[in-house]
S.K.: 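Below you will find the structure I want to go over with you.
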Number of protein chains: 2
Amino acid sequence: MMHRRELILEALGQALGLEDLQESIVALRKHFRVDHLVYHWVNSAGDQYGCGTYPSDWVQRYLDQDYLRVDPVIVGCYQRFHPVDWKRLDWSSKPARSFQADAIAHGIGNQGFSVPIRGPNGQFALFTASHHCGDMEWERFTESNRRDLILIAHEFNQKALELEPGRKPEKSRNLSPREIDALTLIAMGYSRAQVAEALTISEHTLRVYIESARSKLGALNTTHAVARALSRGLIIV
Amino acid sequence: MMHRRELILEALGQALGLEDLQESIVALRKHFRVDHLVYHWVNSAGDQYGCGTYPSDWVQRYLDQDYLRVDPVIVGCYQRFHPVDWKRLDWSSKPARSFQADAIAHGIGNQGFSVPIRGPNGQFALFTASHHCGDMEWERFTESNRRDLILIAHEFNQKALELEPGRKPEKSRNLSPREIDALTLIAMGYSRAQVAEALTISEHTLRVYIESARSKLGALNTTHAVARALSRGLIIV
DNA sequence: TCAGGCCTCGCTATTTTGGGGGAGTGCAAA
DNA sequence: TTTGCACTCCCCCAAAATAGCGAGGCCTGA
């Protein structure tokens, strides 16, 4: 016998548009019996996309206030891998506190559980369950649904990636091996002279590589090129 | 009634050392009835750590030959998020082909399914199931075990992170807000003059920020600092 | 065969950085 | 209260990176 969750995931698998994602998330909220369930995608450019059950005025306020860089859930999860309970995040800073107050005023639960997800090109997303209840009850909920939430988070993200609106028209031409070498060593802090020596090529040749990598990446300068290459996973430092 | 898989995961949850991970992976291989099951961790520094059931001479050869930068599984997965079947990767380049031949000669299966996992600080890991069989059989296997493999991959990675040998002693002092601003704008390709204008501070002040960020990050120059800040998730470009 | 990408090298001039000095204000914790 | 730390400003000069010009050989796929 199939669980209800399975059915929802089934439907998710067949989702063709962003509306279907929205539908699925509403259905999942009902299944989990939580106040809110949200999928929040942060583009490498800082663009955001989300779907979920947060009230729209809160979403608007979040965008207006540029809460992305304040929200302890984002800030905290961005540097970690594990799913986290909101209680374990750092809410002590002044902006974080006022953000928290604002969120609660907008009907966001006092409890939350967020699953960070990372993808290529520096993609980062969060799948969050939020609820208004006591610590004990929330503890029980997360205990028993942790794994399901992780799985759903990933199914969800996969689907969102497929449906990604900004399917980069800039088909990032791959960097050539030499360009990767050059950029990697530059990213490791070596000067052009050092890199040229390490690669046993003339400094001028090295410059050509950096230049072409830069233009391929649409970067304004070397540092920018390194940043882009890193975000896109083209080089590993 | 608990599945065998659940029991293994239970044991994994209680793992205290790397040997326990190795034990778990052997048990899981038996459960899935595949030739090989491997967890392969790639540090941001390029260091590797792995555990699994690959023959030790293959592991040694992999390290000796620096296959990390050739292996299509690594290269391919590094830029994607979805778990992939090895058949969907690009094996066409010359080094990739010779790598493939070498792998098969060492008893690695012709089929494979890899789950990429990403964590903070540029952490990247792969959880791979590999087998020797026909396409149809492999298709059936991945169909029915995809979700379990993803889940286990994440459990495994979580455990590996906890047991991480290189628990950075360099407690990265956090960057100050202004330092983050400065570094972020620099990473976006603006020159010092432009950044200074954007932040409405003198160019000299900006330099002080970059300098202090650089020293906090132990970076050799600005580009290096940006690279480190990005890898550590301290800035978002 | 030929275009196009990749790898390699040279020169000059300008702009941007980096590293070295200092110096003053706040604020917050020890 | 003293000691940090974050933030802001100033000068100078050498070193490094950028920008523009140019050249040729090799290999691959159309």
Side-chain angles (χ1 to χ4, degrees), chain A residues 90 92-97 170-229 234-235, chain B residues 69 90-98 171-229 234-235:
Chain A
D90 177 22
S92 62
S93 81
K94 223 174 296 175
R97 284 186 178 286
E170 25 158 344
K171 15 90 189 320
S172 53
R173 274 180 301 166
N174 288 336
L175 299 179
S176 78
R178 281 313 233 182
E179 286 160 359
I180 292 176
D181 292 343
L183 226 49
T184 302
L185 288 166
I186 289 290
M188 298 198 310
Y190 299 113
S191 72
R192 295 205 303 207
Q194 290 174 308
V195 174
E197 200 193 344
L199 298 178
T200 54
I201 54 176
S202 78
E203 194 179 329
H204 179 269
T205 303
L206 177 77
R207 266 167 48 194
V208 175
Y209 294 147
I210 296 173
E211 254 307 294
S212 75
R214 200 172 59 69
S215 80
K216 282 184 185 175
L217 293 166
L220 297 167
N221 53 40
T222 304
T223 302
H224 195 196
V226 165
R228 292 205 152 178
L234 300 175
I235 61 175
Chain B
R69 295 178 191 271
D90 177 23
W91 298 86
S92 62
S93 81
K94 219 175 299 175
R97 285 186 177 285
S98 71
K171 16 93 190 316
S172 54
R173 273 182 301 165
N174 290 335
L175 298 179
S176 80
R178 282 312 237 184
E179 285 159 1
I180 291 177
D181 293 342
L183 227 47
T184 302
L185 288 167
I186 288 290
M188 298 196 313
Y190 299 113
S191 71
R192 293 202 306 207
Q194 290 173 308
V195 175
E197 199 191 347
L199 298 177
T200 54
I201 55 176
S202 78
E203 192 179 328
H204 179 268
T205 303
L206 177 76
R207 265 169 55 193
V208 175
Y209 293 147
I210 296 173
E211 258 304 295
S212 75
R214 201 172 59 69
S215 80
K216 281 183 184 176
L217 293 165
L220 296 166
N221 53 42
T222 304
T223 302
H224 195 196
V226 166
R228 292 204 153 178
L234 300 174
I235 63 175

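Below, chain A is the first sequence line, B the second, and so on; all start at residue 1.
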S.K.: Would you say a side-chain N or O of B:Ser176 is under 4.0 Å from OP1 or OP2 of D:dC5?
M.R.: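 No.
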S.K.: Between A:Thr205 and C:dC7, is there a side-chain N or O to OP1/OP2 distance below 4.0 Å?
M.R.: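 Result: no.
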S.K.: Take atom CD1 of A:Ile210 and atom P of C:dC6, then tell me their distance rounded to the nearest Å.
M.R.: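 Those two atoms, CD1 and P, are 16 Å apart.
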S.K.: Considering all heavy atoms of both residues, which atom of B:Leu183 and which atom of B:Leu217 are nearest to each other, and what is their separation?
M.R.: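 Here B:Leu183 and B:Leu217 meet closest at CD2-CD1, 3.9 Å.
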S.K.: Taking B:Arg192 for its side chain and B:Leu206 for its backbone only, find out whether a donor-acceptor pair lies under 3.5 Å.
M.R.: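 Not confirmed, B:Arg192 side chain does not pair with B:Leu206 backbone.
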S.K.: Give a yes/no on whether any side-chain N or O of A:Lys216 is located under 4.0 angstrom from OP1 or OP2 of C:dC6.
M.R.: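 For C:dC6, OP1/OP2 do have a side-chain N/O of A:Lys216 under 4.0 Å.
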S.K.: Closest-nucleotide mapping onto DNA chain D: is B:Asn221 or B:Leu206 further toward the 5' terminus? I mean the 5' end.
M.R.: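 On the 5' side of the pair lies B:Leu206.
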S.K.: Using OP1 and OP2 only, check whether a side-chain N or O of A:Arg214 sits under 4.0 Å from D:dA17.
M.R.: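 So the side chain of A:Arg214 is outside the cut-off, no N or O lying under 4.0 Å from OP1 or OP2 of D:dA17.
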S.K.: Dump the intermediate steps for side chain to side chain contact (heavy atoms under 4.5 Å, CB included) on B:Ile201 and B:Arg178, then the final yes or no.
M.R.: CA-CA 10 Å; B:Ile201 55 176; B:Arg178 282 312 237 184; 3.6 Å; yes
S.K.: May I ask you to evaluate whether A:Arg207 reaches the phosphate of C:dT8, defined as a side-chain N or O under 4.0 Å from OP1 or OP2?
M.R.: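 No, because none of the side-chain N or O atoms of A:Arg207 sits under 4.0 Å from OP1 or OP2 of C:dT8.
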S.K.: Is B:Arg192 near enough to C:dT17 that one of its side-chain N or O atoms lies under 4.0 angstrom from OP1 or OP2?
M.R.: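 Yes, within the criterion.
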S.K.: Would you say B:Glu197 has more than 12 foreign heavy atoms packed within less than 6.0 Å of its CD?
M.R.: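 No - once you tally the heavy atoms of other residues, nucleotides and ligands closer than 6.0 Å, there are 12 at most.
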S.K.: What's B:Thr222 touching, base or sugar-phosphate or nothing? Going by heavy atoms closer than 4.0 Å.
M.R.: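 Sugar-phosphate: the residue B:Thr222, judged by heavy atoms under 4.0 Å, touches backbone atoms but no base.
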S.K.: To the nearest Å, give me how far apart CD1 (B:Ile201) and P (D:dA6) are.
M.R.: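 The answer, rounded to whole Å, is 15 Å.
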S.K.: Starting at the 5' end of DNA chain C, which residue's closest nucleotide do you reach first, B:Val208 or B:Thr223?
M.R.: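 Per heavy-atom nearest nucleotide, the more 5' residue is B:Thr223.
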S.K.: Return the nearest nucleotide to the side chain of A:Ser202; candidates are C:dC9, D:dC7, D:dC9.
M.R.: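 Among the listed nucleotides, the one closest to the side chain of A:Ser202 is C:dC9.
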S.K.: Can you tell me which nucleotide in D:dA19, C:dG10, C:dT8 comes closest to the side chain of A:His204?
M.R.: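 Within the option list, the nearest is C:dG10.
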